[in-house]
Q: 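One structure follows; several queries about it will come next.
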Amino acid sequence: MSRFLYSVLLYLAIPAVLIKLVLRARKSPAYGYRWGERFGFIKKLANDKPVIWIHSVSVGETIASAPMVKALMNRYPDHCFVITTMTPTGSERVKSIYGDRVFHVYCPYDLPDAQSRFLNRIHPKMALIMETELWPNTIAACNARDIPVVIVNARLSEKSARGYAKLGSLTRKMMENIHLVACQNENDGERFKQLGLPAKHLAITGSVKFDLSVDDEINKSAALLKSSWESGLGHKAKILIAASTHDGEDKPILEAFRQVHKKRSDTLLLLVPRHPERFNSVFELSESEGFSTIRHSQATEASPDTQVIIGDTMGELMKLYATSDIAFVGGSLIENGGHNMLEPAALGIPVLSGPSVYNFTDISQQLEAAGGMKTIQDADQLAEIASSLLTDDTARKKMGSHAQAFVEGNRGALQKLLKLVTETVDRLD
């Protein structure tokens, strides 16, 4: 496919895109605002500082990129940092992490005129794109302006690689225009090369997600939160967290919890939907299934009959993980590819996951081989393994220790990545 035909098809799709935004805004009103940014209509930067542009599509990528961004901000205090996302939840996370220290807008769609407007207003000296956001017009526009594009913490699943391969010459040309791909592992690196990335433009750095930091404040605030829940319950509680769940997962998770609760009535389920527009519907589902349910945002203390707490706040997932004894990581019981299982693992919490983990194939396989994770196929298996671990303190703590040791043993990607990025920035200065 030529880039011209690709662009024509994108322009023809604009009405459908706008309709989708309207429909999403019904559930999540934030999608109804700031449409101009999605087409490159942003204000010009009010300073003449050199600009580094970082794109992180949503919450997970924003969190993963934060240590790198903060390190770059410390190293280059005279630079301006522009951070873009595609989702309102990612936008909120950028604001909560950086405040007004960065310039934040939505990333424009991959339309030639939108990208041209955007780049003409921020004039970046380089672009750092997180993970798998590969857009032909964006990369071509950067290349035309001699803006090096670096794909950081890059990953490319077999499924994604097959999709890009179908675009033929469009993908090959895009790969030729990428300055550097800093890849998580050799397998993903091979897929990039098969799509046309020159070998000299590939570096294997590991995943920066191993370099997430867990400060003492998280554990302290989690301990206080759990204590307040237990005060309301009137007893010590074992907490099973099901985090980052998607539509289609909550009902089987609640069914599994029903079985667990019959065996261990001291168990509390902490159910955390991935997207805020689902907070209300998941709360209503839990109540309709007969569980005594409260919202974390509205009550810090439980009551003696509380069984389920809906995690309906943003930016607190690590704290909620830290209150828990076992973590099920969602997006994996449906065909969604899973979410970051290293967050609970870093806290020393045993990890359970469904079978769909194509976004974390190598990490999930290695974590399971290290003894820190178990894969479950359905609600019955989730109930069986969770009940067993909640009953056997020794096995649960051993599994949690294996998970934490796996994370600790794989740190270091951040320093490799920073070396590559700073070398590029320094050459441009």
Side-chain angles (χ1 to χ4, degrees), residues 33-59 61-111 113-131 133 135 137-154 177-180 182 208 211 315 414-415 417-429:
Y33 304 106
R34 298 164 56 189
W35 283 14
E37 295 177 15
R38 299 186 184 276
F39 292 91
F41 293 103
I42 64 171
K43 63 182 180 181
K44 289 186 177 181
L45 292 178
N47 60 66
D48 296 324
K49 294 180 178 180
V51 173
I52 296 176
W53 169 32
I54 300 102
H55 176 57
S56 53
V57 61
S58 192
V59 174
E61 293 84 1
T62 300
I63 294 171
S65 67
M68 176 193 70
V69 175
K70 290 177 179 178
L72 291 173
M73 291 171 74
N74 288 334
R75 183 178 176 95
Y76 301 105
D78 59 338
H79 285 53
C80 175
F81 288 81
V82 173
I83 301 182
T84 58
T85 65
M86 293 299 291
T87 67
T89 51
S91 177
E92 288 302 314
R93 188 55 57 91
V94 169
K95 294 173 184 176
S96 68
I97 293 174
Y98 305 105
D100 59 1
R101 292 182 295 159
V102 303
F103 180 84
H104 166 65
V105 291
Y106 287 136
C107 185
Y109 294 129
D110 196 38
L111 302 166
D113 64 317
Q115 284 297 331
S116 181
R117 276 191 294 271
F118 173 72
L119 294 174
N120 288 342
R121 283 164 170 76
I122 70 168
H123 293 290
K125 66 186 297 182
M126 74 178 303
L128 303 176
I129 300 177
M130 285 294 293
E131 299 198 3
E133 287 291 289
W135 296 105
N137 284 326
T138 300
I139 291 172
C142 288
N143 186 63
R145 292 166 172 77
D146 293 322
I147 302 167
V149 175
V150 179
I151 313 298
V152 297
N153 207 46
N177 287 336
I178 296 174
H179 177 75
L180 177 68
V208 297
D211 291 285
L414 178 60
Q415 292 307 312
L417 181 59
L418 283 172
K419 183 175 184 295
L420 293 169
V421 172
T422 55
E423 286 174 352
T424 303
V425 175
D426 292 344
R427 281 197 301 270
L428 295 169
D429 282 341

Q: With side chains defined as the heavy atoms from C-beta onward, is the minimum distance between I147 and H123 less than 4.5 Å?
A: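 I147 vs H123: side chains apart.
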
Q: Does T84 offer a backbone N or O that forms a donor-acceptor pair with the side chain of H55 under 3.5 Å?
A: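 Yes; at least one donor-acceptor contact below 3.5 Å.
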
Q: Scan residues 78-107 for pairs that pass ring-ring contact (aromatic ring centres under 6.0 Å, His included), counting only residues two or more places apart or in two chains.
A: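 Checked against ring-ring contact (aromatic ring centres under 6.0 Å, His included) - neighbours excluded - the pairs reaching residues 78-107 are Y76-H79.
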
Q: Quick check: do N153 and S65 have side-chain heavy atoms less than 4.5 Å from each other?
A: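 No, their side chains stay 4.5 Å or more apart.
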
Q: Which atom pair, heavy atoms only, marks the closest approach of A64 to E131?
A: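 Smallest interatomic distance, heavy atoms only, reads CB-OE2, 4.5 Å.
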
Q: What verdict does the side-chain hydrogen bond (donor to acceptor under 3.5 Å, both in side chains) test give for S116 and R145, after you've listed the backbone C-alpha separation in whole Å, the side-chain angles of each residue and the deciding distance to 0.1 Å?
A: CA-CA 10 Å; S116 181; R145 292 166 172 77; 3.2 Å; yes

Q: How long is the straight-line distance from CG of L414 back to NZ of K419, given to the nearest 0.5 Å?
A: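 Spacing of NZ (K419) from CG (L414) equals 14.0 Å.
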
Q: Taking N137 for its side chain and L111 for its backbone only, find out whether a donor-acceptor pair lies under 3.5 Å.
A: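 The answer is no, because no donor-acceptor pair under 3.5 Å joins these two groups.
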
Q: Roughly how far apart are L128 CG and T424 OG1, rounded to 0.5 Å?
A: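 The CG atom of L128 sits 8.5 Å away from the OG1 atom of T424.
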
Q: I'd like to check H179 versus V150 (side-chain heavy atoms, cut-off strictly below 4.5 Å). Are they in contact?
A: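 Yes. Closest side-chain heavy atoms under 4.5 Å.
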
Q: Pairs in or reaching into residues 74-97: which pass salt bridge (Lys or Arg N to Asp or Glu O under 4.0 Å), with residues at least two apart or in two chains?
A: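 Non-adjacent pairs meeting salt bridge (Lys or Arg N to Asp or Glu O under 4.0 Å): R75-D426, E92-K95.
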
Q: If the condition is side chain to side chain donor-acceptor pair (under 3.5 Å), which residues does S58 pass it with, not counting sequence neighbours?
A: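 If we apply the side chain to side chain donor-acceptor pair (under 3.5 Å) test to S58, skipping adjacent residues, the hits are T87.
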
Q: Grab the two heavy atoms, one from T62 and one from G90, that are nearest each other, plus how far apart they are.
A: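 Answer, listing the atom of T62 first, then G90: OG1-O, 4.1 Å.
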
Q: Taking all non-hydrogen atoms of both residues, which atom of D211 and which atom of P67 are closest, and how far apart?
A: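 Looking at all heavy atoms of both residues, the shortest contact is O-CG, 4.4 Å.
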
Q: With a sphere of 6.0 Å drawn around CG of D100, does it hold more than 12 non-hydrogen atoms of other residues, nucleotides or ligands?
A: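 Counting other residues, nucleotides and ligands, CG of D100 stays at 12 neighbours or fewer.
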
Q: Tell me, please, which residues at least two apart from Q415 pass side chain to side chain donor-acceptor pair (under 3.5 Å).
A: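 Q415 satisfies side chain to side chain donor-acceptor pair (under 3.5 Å) with no residue once adjacent residues are dropped.
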
Q: Would a 4.5 Å heavy-atom cut-off, applied to side chains only, mark R38 and C107 as touching?
A: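 Heavy-atom side-chain distance check fails, nothing below 4.5 Å.
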
Q: Name all residues meeting the side chain to side chain donor-acceptor pair (under 3.5 Å) criterion together with T85; count only those two or more places apart in sequence or in a different chain, and write none if there are none.
A: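 Partners of T85 under the side chain to side chain donor-acceptor pair (under 3.5 Å) test: none.
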
Q: Could you grab the distance from atom CD1 of I122 to atom CH2 of W53, nearest 0.5 Å is fine?
A: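 Those atoms lie 6.0 Å apart.
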
Q: Let me confirm one number: the CG-OG1 distance from N177 to T138, rounded to the nearest 0.5 Å.
A: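 Reported value, rounded in 0.5 Å steps: 12.0 Å.
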
Q: Suppose we screen for ring pair (Phe, Tyr, Trp, His ring centres under 6.0 Å). Which residues come up paired with Y109, at least two apart in sequence or across chains?
A: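 Per chain and number, Y109 pairs via ring pair (Phe, Tyr, Trp, His ring centres under 6.0 Å) with F39.
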
Q: Before you tell me yes or no, could you show the steps for L72 and V421 under side-chain contact (heavy atoms from CB on, under 4.5 Å), namely the whole-Å CA-CA distance, both residues' side-chain angles and the distance that decides it to 0.1 Å?
A: CA-CA 9 Å; L72 291 173; V421 172; 4.0 Å; yes

Q: Indicate yes or no: at least one non-hydrogen side-chain atom of E61 is less than 4.5 angstrom from one of E133.
A: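 With C-beta onward as the side chain, the pair stays apart.
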
Q: Stepwise, does the side-chain hydrogen bond (donor to acceptor under 3.5 Å, both in side chains) test hold for W35 with E37?
A: CA-CA 5 Å; W35 283 14; E37 295 177 15; over 6 Å; no

Q: Under the 3.5 angstrom rule, does the side chain of N143 hit a backbone N or O of I139 as a donor-acceptor pair?
A: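 Flag not set: sc N143 to bb I139 has no pair under 3.5 Å.
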
Q: Quick one: does V425's side chain get under 4.5 Å of M126's, heavy atoms only?
A: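 The answer is yes, as the side chains (C-beta and beyond) meet within the 4.5 Å cut-off.
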
Q: For residues R34 and S91, report the shortest heavy-atom separation together with the two atoms involved.
A: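 Taking R34 first and S91 second, the nearest heavy atoms are NH1-OG, 3.0 Å.
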
Q: Going by heavy atoms in the side chains, are I151 and I178 under 4.5 Å from each other?
A: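 Of all side-chain heavy-atom pairs linking I178 with I151, at least one is under 4.5 Å.
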
Q: Would M68 and V152 satisfy side-chain contact (heavy atoms from CB on, under 4.5 Å), going step by step from the backbone distance to the final call?
A: CA-CA 10 Å; M68 176 193 70; V152 297; 4.2 Å; yes

Q: Are side-chain heavy atoms of W135 and I129 found at a separation under 4.5 Å?
A: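 When only atoms from C-beta onward are counted, I129 and W135 do not touch, as no gap falls below 4.5 Å.
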
